[in-house]
Amino acid sequence: MKPFSYVRATNQNTAIQGVADRQSAKFIAGGTNLIDLMKVEVAQPDRLVDITQLPLSEIEINSDGLRIGALARNSDLAYNPEVRSHYPLLSQAILAGASPQLRNMATVGGNLMQRTRCYYFMDIAAPCNKRDPGAGCAAIEGYNRIHAIFGASDKCIATHPSDMCVGLAALDAKVRVAGSNGDRIIPIADFHRLPGDIPERDTVLEQDELIVAIDLPNSPFAKNYHYLKVRDRASYAFALVSVAAALEIENGTIKAARIALGGVAHKPWRAFVAEDILVGAKPTEETFAAAATATIREAKPYRHNQFKVEMAKRAIVRALINATEKS
Ligand code: SF4
């Protein structure tokens with residue numbers, strides 16, 4: 001591990017200033033991803049700004065929905081009674097990820113910022129445009145079983161690893177950030193990027209921007225929802241494909257639908273085409289199959305991950321069936 005300095009921020013402004021004047025400075029909270037990356041020299045910050053003393057851990061229900069402090073621990077969020085009651089899809093998605101020990105340590109803000117688990121990104125001997133811009137991408141012609149089938153580029157085909165973010169994408173979360181130039185609110189759909197020509201940037205955050213909270217609007221999806229995660233092991237494995245499905249059903253007709261996929265793109269992948277097919281239709285297996293078929297039409301698999309296309313299709317149908325069976 002490369003030497004680095006460490007400072008503990010006592011307020012939001014000193015935290016932001018602590019990273020604003022150094023390009024390779026980073027915020028640290030739970031450290032469940034960043035420390036791993038530092039150990040293998042994939043991340044080499046020269047300063048860590050510890051934000052764990054900032055008062056950003058509250059989880060509060062209000063008239064607009066739910067506000068989740070960026071430093072709330074994943075476990076605290078998943079088991080929060082308001083979340084379980086009003087946003088059970090989010091709770092289910094979080095509990096599908098990592099292990100209890102990691103969820104106890106990891107923060108919500110850190111979950112949004114976690115980096116890809118592409119094997120070549122983690123191996124400093126391999127060429128990787130995300131870790132070393134311009135070096136090339138070992139995955140495109142290499143072993144790409146876990147890689148993207150949607151939205152990739154000729155620079156990077158990595159996937160975003162989070163389960164929680166897939167749930168947040170389905171629930172139309174907004175990310176509140178603060179920086180040297182003021183505050184802003186970023187819809188979750190715009191927060192993570194597709195790789196394009198700059199795969200080294202996972203999100204639209206500027207260097208000096210700090211996530212302070214995540215807002216969820218009031219949700220009609222507390223009754224018919226399901227988070228389905230398909231993976232190589234029953235626990236503690238990243239998704240090959242995951243689906244967050246949520247339906248609002250009124251008088252036997254789908255009034256609103258949300259479908260987001262994980263493990264298939266550089267960001268949580270909202271299946272808007274599927275949602276359009278579902279709204280106004282009856283919640284039948286035939287409708288679900290039509291929505292799933294339309295979603296995978298734009299898939300572009302690579303040599304070793306063609307199985308993900310059929311897997312995504314079946315996972316969408318299964319998640320929707322499970323969602324309807326909750327009523
Ligand atoms: Fe690097 Fe992305 Fe290629 Fe993986 S897929 S080797 S992260 S550039």
Side-chain angles (χ1 to χ4, degrees), residues 1-2 23-24 26 31-45 97-98 102 106 110-166 169 188-207 229-233 236-242 260-270 296 298-309 311-312:
M1 191 185 287
K2 293 277 166 76
Q23 270 308 307
S24 64
K26 289 201 178 299
T32 54
N33 186 212
L34 181 58
I35 298 297
D36 282 353
L37 295 175
M38 290 172 66
K39 285 179 185 167
V40 293
E41 300 190 355
V42 169
Q44 301 184 12
L102 283 165
N111 195 321
L112 265 83
M113 296 302 291
Q114 65 177 305
R115 310 215 65 195
T116 184
R117 268 40 176 214
C118 171
Y119 339 103
Y120 303 108
F121 175 71
M122 300 294 290
D123 175 3
I124 58 171
C128 170
N129 286 323
K130 184 178 281 298
R131 175 173 28 77
D132 182 13
C137 171
I140 291 175
E141 296 298 330
Y143 188 55
N144 40 41
R145 179 174 179 270
I146 65 170
H147 291 78
I149 57 171
F150 294 115
S153 75
D154 62 355
K155 301 289 189 297
C156 178
I157 61 172
T159 55
H160 191 263
S162 172
D163 293 293
M164 183 193 80
C165 292
V166 181
I188 188 81
D190 301 330
F191 183 81
H192 297 103
R193 296 182 61 260
L194 291 177
D197 289 334
I198 43 173
E200 64 273 23
R201 291 198 64 184
D202 294 343
T203 73
V204 298
L205 279 190
E206 300 297 336
Q207 161 68 12
K229 180 173 181 177
V230 186
R231 48 186 156 175
D232 285 326
R233 293 189 298 257
Y236 196 41
F238 293 96
L240 292 167
V241 171
S242 68
L261 278 71
V264 295
H266 200 255
K267 60 189 287 185
W269 189 260
R270 264 290 282 276
I296 59 154
E298 53 183 317
K300 182 181 178 300
Y302 293 83
R303 186 170 172 208
H304 301 103
N305 70 355
Q306 292 176 9
F307 71 96
K308 280 194 179 188
V309 178
M311 183 179 276

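Read the numbers this way: they start at 1 and go in the same order the structure lists the ligands and their atoms.
- In this structure F150 satisfies the ring pair (Phe, Tyr, Trp, His ring centres under 6.0 Å) test together with W269, sequence neighbours excluded.
- Counting only distances under 2.8 Å, and ignoring water, the protein N, O or S atoms around atom 3 (Fe) of ligand 1 are C137 SG.
- Shown here are the side-chain contact (heavy atoms from CB on, under 4.5 Å) partners of D190, two or more places apart in sequence or in another chain: I186, P187.
- A side chain to side chain contact (heavy atoms under 4.5 Å, CB included) with T116 holds for exactly one of H147, K130, H160; it is K130.
- Heavy-atom contacts from other residues, nucleotides or ligands closer than 6.0 Å to OH of Y236 number 12 or fewer.
- Of the residues K267, R193, R115, the one that meets the salt bridge (Lys or Arg N to Asp or Glu O under 4.0 Å) test with D202 is R115.
- Partners of N111 under the side chain to side chain donor-acceptor pair (under 3.5 Å) rule, at least two apart in sequence or in another chain, are N74, Q114, S162.
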